[in-house]
Amino acid sequence: MTRITIAKGDGIGPEIMDATLSIIKAAGAQIEIDEIEVGEKVYLAGNTSGIAKEAWDIIRRNKVFLKAPITTPQGGGYKSLNVTTRKFLGLYANIRPCMSLHPFVKTKHPNMDIVIVRENEEDLYAGIEHQQTDEVVQCLKLISRPGCEKIVRYAFEYARQYGRKKVTCFTKDNIMKQTDGLFHKVFEEIAAEYPDIQNEHWIIDIGAAKMADTPEAFDVIVMPNLYGDVLSDVAAQIAGSVGLAGSANIGTECAMFEAIHGSAPRRAGQDMANPSGLLQGAIMMLNHIGQTEVAERVQNAWLKTIEDGVHTYDIYKEGVSKEKVGTSGFAEAVIARLGQKPEILHAVHYEKAHSIQLPKYTRKKPSKKDLVGLDVFVHWPGENPDELAQIMQQLNTPEVSLSMITNRGIKVWPEGFEETFCTDHWRCRFKPDNGGTLDKHMIVNILSAAVAKNIDTIKTENLYAFDGKPAYSLGQGQ
Ligand code: NAD
């Protein structure tokens, strides 16, 4: 018996939750349920996070959370409960299977069966943003080795547990050599530990195009947060089944399972909504808590129901569908088919397994880290980089001098192009004249000189070499 937390949410949430619970209980799920309140009512009662403190205590105690969609009220001040939950509970992996149900649900891709594994905690979603000049704002893209190791290892463990043959990695490391480069590098390292599973890497632009065109070429795809956010919606949509997909958010301690759609307020209370998305989330939950036989029974009965043409309004199609049902009618149809298997769609078989447990991250031996230069970012409203170079050269010291200026990454001094458009945000790179290392005091000297000369420095970035290898990007065109 596993104790889980549920939240019925808003809009169609309560109906699809009742339908989902009735199906999994009829299939023999060994669960005890604590229900909490989240969403619109909580928001409107003045709690801008959409969830009360006591509810967090229950979620953290039970560690397994099945959540129906919630309505985020329009207007400012409300925080997305999904984002907060992911971050608070350290749910580092987002898993979204996207499978077509051809010929029963319309799709251009009859043989699509992919699983998107999205990193869920870092990347541009750390939400560290600043305005630095009149014209320029920035968002920090943070990628960590532990973050990469966890998500990539999860993808390979998932592939092994679910009998998948290949894990593909999507990054843009031809451009972001440090951040996406680290993700790709860790992928290569970990892939080598799973010789039984094929691996490949695609640059995300052509990879995404290929996925949208020929999804059957892929199996499990792992990627950093932002790419995963975008492509998991694309994948669900082209499978033809946004309303049928579920997702799992997995952490070391806790996990949350849900449908990918929203609360569809216009359909609420009419016994019309399709409970399949939340049911798919619940099936992932049953696998996660080790009740794989129940998960298998439910999934096969659900596939048989779809195959028998028993459809809710959203997927009902004259000529293909046989019977139009509401939310509760659909649940009854699935329950009536428990124990049966689909004949045309592929029946599933889940190996007996427990939730994927990753080894604890062990910090690597520190590298030898040398300070080899300094980027000073300045707000300067001028236009001619040669003029800025003259201003910045006043900061040169006997050991360190200005070596390059870039604007939005492209080198504009020395030997820039007149055609290059420049904003008021400049990066001025200082390097030791002898190519050696820099003393931290030199940074202070450069910055105090900048203050004395009234130069508007907005930030600095230290340039390091790790184990003798430069670990920063060059200027474009350098
Ligand atoms: P939505 O997913 O609720 O609805 C989009 C369309 O799909 C609508 O036409 C709706 O009727 C239909 N639809 C969705 N689920 C369906 C189902 N199970 N059966 C049949 N039809 C279904 O998206 P929206 O209208 O943009 O958002 C509504 C609310 O949901 C918003 O407040 C939004 O913030 C919230 N939302 C919540 C979550 C979540 O809790 N995870 C996710 C997305 C949106």
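Counting starts at 1 for both ligands and their atoms, following the listed order.
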Considering distance alone, does some N or O of A68 sit under 3.5 Å from an N or O of ligand 1?
no
Suppose we call two aromatic rings close when their centres sit under 6.0 Å apart. Are F187 and F170 close by that rule?
no
Minimum heavy-atom distance between D271 and E15, given as atom pair plus value:
N-OE1, 3.0 Å
With heavy-atom distances below 4.0 Å as the criterion, list the atoms of ligand 1 near T71.
32 (O)
May I ask you to identify the nearest protein heavy atom to atom 29 (C) of ligand 1, giving residue, atom name and distance to one decimal place in Å?
S263 OG, 3.2 Å
Just to confirm, does any protein heavy atom lie below 4.0 Å from atom 5 (C) of ligand 1?
no
Do you know which two heavy atoms are closest between A212 and I238, and how far apart they sit?
CA-CD1, 3.8 Å
So for I12, does at least one of its heavy atoms come nearer than 4.0 angstrom to any atom of ligand 1?
yes
In ligand 1, the atoms that come under 4.0 Å of a heavy atom of P265 are 28 (C)
Looking at ligand 1, does K67 have a heavy atom less than 4.0 Å from it?
yes
So for ligand 1, is H261 a polar contact partner (N or O within less than 3.5 Å, distance only)?
yes
How long is the straight-line distance from CD1 of I116 back to CZ of R118, given to the nearest 0.5 Å?
10.5 Å
Tell me which one of Y158, F257, F65, Y350 satisfies ring-ring contact (aromatic ring centres under 6.0 Å, His included) with H288.
F257
What do you reckon, does G11 put a non-hydrogen atom under 4.0 Å from ligand 1?
no
Which of the numbered atoms in ligand 1 are below 4.0 angstrom from a heavy atom of A273?
19 (N)
Single hit among E193, E119, E189 for salt bridge (charged side-chain N to carboxylate O under 4.0 Å, His left out) with R153
E193
Regarding atom 2 (O) of ligand 1: of the candidates G262, A268, G281, which has the closest heavy atom?
G262
Among all protein non-hydrogen atoms, which one is nearest to atom 34 (O) of ligand 1, and what is the separation to 0.1 Å?
T72 OG1, 3.5 Å
Under 4.0 Å from any heavy atom of E258, which atoms of ligand 1 are there?
41 (N)
Sorted by first residue and then second, give each side chain to side chain donor-acceptor pair (under 3.5 Å) pair with at least one member in residues 254-268; sequence neighbours left out.
K67-E258, T71-S263, N249-E258, R267-Y313
List ligand 1 atoms under 4.0 Å from R267, heavy atoms only on the residue side.
11 (O)
Identify the protein heavy atom lying closest to atom 19 (N) of ligand 1, giving its residue, its atom name and the separation to 0.1 Å.
N274 N, 2.9 Å
From L81 atom CG to I70 atom CD1, the distance as rounded to the nearest 0.5 Å
4.0 Å
Contact region, M272 to ligand 1, non-hydrogen atoms below 4.0 Å, reads neither
Cation-pi geometry met for R337 and F330 (6.0 Å, 45°)
no
Under the side chain to side chain donor-acceptor pair (under 3.5 Å) definition, can you give me all pairs with a residue in residues 294-307, not counting sequence neighbours?
S276-W302, Q280-Q299, E296-H349, K304-D308
Counting only heavy atoms on the protein side, is anything nearer than 4.0 Å to atom 8 (C) of ligand 1?
no
Donor-acceptor under 3.5 Å (S321 side chain, E318 main chain)
no
Heavy atom of the protein closest to atom 20 (C) of ligand 1 (residue, atom name, distance)
Y313 OH, 3.2 Å
When every non-hydrogen atom of A295 is compared with those of L286, the smallest separation belongs to CB-CB, 3.8 Å
N or O contact, I70 vs ligand 1, cut-off under 3.5 Å
yes
Would you please indicate if the ring centroids of W202 and F218 are separated by under 6.0 Å?
yes
Using protein heavy atoms only, decide if any is under 4.0 Å from atom 27 (O) of ligand 1.
no
What do we get for S276 next to ligand 1 when only non-hydrogen atoms under 4.0 Å count, side chain, backbone, both or neither?
neither
Identify the closest protein heavy atom to atom 41 (N) of ligand 1: which residue and atom is it, and at what distance?
N82 ND2, 3.1 Å
Going by distance only, is there an N or O of A264 that falls short of 3.5 Å from an N or O of ligand 1?
yes
Does the protein put a heavy atom under 4.0 Å from atom 24 (P) of ligand 1?
no
State, to 0.1 Å, how close Y472 and Y464 come at their nearest heavy-atom pair, and which atoms those are.
CD2-O, 3.4 Å
